[in-house]
*Asks:* 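One structure, as structure tokens, below. Some questions next.
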Amino acid sequence: MTYHAVDVEGSDRGGRWMVLCDHATNIVPDFVNGGCLGVAPADMARHIAFDPGAAGVSRALAAALEGPAVLSRFSRLVIDPNRGEDDPTLIMQLYDGTIIPGNRGISDLNAAERMRLCHRPYHAAIADLAARRAAPVIVSIHSFTPQLRGRPPRPWQVGVLYAEDTRLAHPLIARLAAEPDLSVGDNRPYTGHLPGDTIDRHAIAQHRLNVLIELRNDLIETPAQQRAWAARLAPILTETLARTGL
């Protein structure tokens, strides 16, 4: 069976929004060490392997926004699609206290195979879809763990990440902050500046409107929670975009 590195849903939808999910799954393809990185199942179910809940939110959000969703089909531990090709953290050997045996001492040949079969097809799918749409607006959906090992708890329910292009991010932060029950991270729990990442490559470099949304993963554990967050975010995103006039 031919391996496919990317899922595209709703490519025929006519809305401006494109929803991306870089870390949609914890799949390790069979061509990578027979489908095993030597990581315990409990760790493969953690945020180190993928963004729990993000795929469900992305699919539901794309449908609500009448736009396509593009989702990876490989674990971030295989190769991280949200990193540039020359990023030293592209293939992690240690992540949040967990050693990744299948990545230790990885050869240039094996790294190149993961790049060819996973990383590049994912980005090619995004580039092709975006090029065929008029003035696409890119929103990337991620999730974050409530607390990294040995670190303080993270209080935000949602974070909005951005780099130098704040045309959509700043108005969205203000709109989300108006929600009485939300604590909103402004470039938290991470900053949005990562040269060569997905937003940099497909939005900033192309002068496309963009924003990256991080949701705390304990809030999107179930399909019902994922649908609820998508239903909440869709009108907020639509309203915010309309207010920018862009």
Side-chain angles (χ1 to χ4, degrees), residues 1-11 18-41 43-59 62 68-96 98-132 138-144 190 194-203 205-206 212 214 217:
M1 181 180 294
T2 302
Y3 169 69
H4 297 287
V6 57
D7 276 336
V8 178
E9 297 186 2
S11 60
M18 283 181 58
V19 180
L20 311 183
C21 190
D22 295 326
H23 304 138
T25 179
N26 59 1
I27 291 173
V28 180
D30 287 342
F31 69 83
V32 178
N33 302 319
C36 180
L37 290 171
V39 177
D43 278 330
M44 287 301 296
R46 292 203 302 130
H47 71 100
I48 66 169
F50 72 125
D51 280 355
V57 174
S58 297
R59 289 187 171 96
V70 184
L71 304 97
S72 67
R73 294 194 65 251
F74 52 92
S75 171
R76 69 197 303 169
L77 295 181
V78 171
I79 189 168
D80 194 333
N82 196 35
R83 297 291 185 274
E85 292 193 8
D86 58 353
D87 192 302
T89 65
L90 187 66
I91 299 176
M92 296 287 281
Q93 299 188 36
L94 176 69
Y95 199 153
D96 194 23
T98 296
I99 294 172
I100 319 301
N103 291 348
R104 295 185 70 179
I106 186 171
S107 69
D108 290 343
L109 183 63
N110 286 340
E113 182 180 45
R114 298 186 194 186
M115 179 70 70
R116 177 174 60 85
L117 295 177
C118 295
H119 194 280
R120 286 177 180 161
Y122 174 72
H123 286 285
I126 297 172
D128 177 68
L129 191 60
R132 292 189 282 112
I138 293 178
V139 55
S140 184
I141 299 295
H142 291 250
S143 71
F144 64 95
Y190 315 103
L194 192 62
D197 68 4
T198 301
I199 290 290
D200 186 41
R201 182 171 178 170
H202 298 287
Q206 310 295 332
L212 189 153
E214 291 267 4
N217 64 27

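Since the structure is predicted, the reported quantities are computational estimates derived from the model, not experimental observations.
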*Asks:* To the nearest 0.5 Å, what is the distance between CE on Met92 and CD1 on Ile100?
*Replies:* 8.0 Å
*Asks:* The test is side chain to side chain contact (heavy atoms under 4.5 Å, CB included); show your working for Ile79 and Phe74 and say whether it passes.
*Replies:* CA-CA 8 Å; Ile79 189 168; Phe74 52 92; 3.7 Å; yes
*Asks:* Closest heavy-atom contact between Asn217 and Pro52?
*Replies:* CB-O, 3.7 Å
*Asks:* Return the CZ to CG distance between Phe31 and Leu117, rounded to the nearest 0.5 Å.
*Replies:* 4.5 Å
*Asks:* With side chain to side chain contact (heavy atoms under 4.5 Å, CB included) as the criterion, how do Leu212 and Glu214 come out once you've worked through the C-alpha distance, each side chain's angles and the decisive distance to 0.1 Å?
*Replies:* CA-CA 7 Å; Leu212 189 153; Glu214 291 267 4; 3.7 Å; yes
*Asks:* If every non-hydrogen atom of Ala49 is compared with every non-hydrogen atom of Asn26, which pair is closest and at what distance?
*Replies:* CB-CB, 3.9 Å
*Asks:* Between atom CG of Asp43 and atom CG of Leu37, what is the distance when rounded to the nearest 0.5 Å?
*Replies:* 11.5 Å
*Asks:* Closest heavy-atom contact between Leu77 and Met44?
*Replies:* CD1-SD, 4.0 Å
*Asks:* Hey, does the side chain of Arg83 reach the backbone of Thr89 with a donor-acceptor pair shorter than 3.5 angstrom?
*Replies:* no
*Asks:* Kindly assign one of parallel, tilted or perpendicular to the pair His202 and His123, based on the angle between their ring planes and the thresholds 30° and 60°.
*Replies:* parallel
*Asks:* CG of Leu94: more than 12 outside heavy atoms within 6.0 angstrom?
*Replies:* yes
*Asks:* Can you measure from OG (Ser58) to CG (Asp51) and round to the nearest 0.5 angstrom?
*Replies:* 9.0 Å
*Asks:* To check you understand the geometry: which heavy-atom pair defines the closest contact between Tyr122 and Pro81, and what is its length?
*Replies:* CD2-CB, 3.6 Å
*Asks:* Which atoms form the tightest heavy-atom contact between Met18 and Ile126, and what is the distance?
*Replies:* CE-O, 4.0 Å
*Asks:* For residues Ile199 and Ser140, report the shortest heavy-atom separation together with the two atoms involved.
*Replies:* CD1-CB, 4.0 Å
*Asks:* For a side chain to side chain contact (heavy atoms under 4.5 Å, CB included) check, start with the C-alpha distance between Ile141 and Val19, then their side-chain angles and the critical distance, and finish with the verdict.
*Replies:* CA-CA 7 Å; Ile141 299 295; Val19 180; 3.9 Å; yes
*Asks:* For a 4.5 angstrom cut-off between non-hydrogen side-chain atoms, does Cys118 reach Tyr3?
*Replies:* yes
*Asks:* Just wondering, do Asp96 and Arg46 contact through their side chains at under 4.5 Å, heavy atoms?
*Replies:* yes
*Asks:* Would you compute the distance between atom NE2 of His23 and atom NE2 of His142 and round it to the nearest 0.5 angstrom?
*Replies:* 6.0 Å
*Asks:* Out of curiosity, Arg76 CZ to Asn82 CG, how far, rounded to the nearest 0.5 Å?
*Replies:* 8.0 Å
*Asks:* Run the side chain to side chain contact (heavy atoms under 4.5 Å, CB included) check on Leu194 and Asp87 step by step: do they pass?
*Replies:* CA-CA 9 Å; Leu194 192 62; Asp87 192 302; 4.2 Å; yes
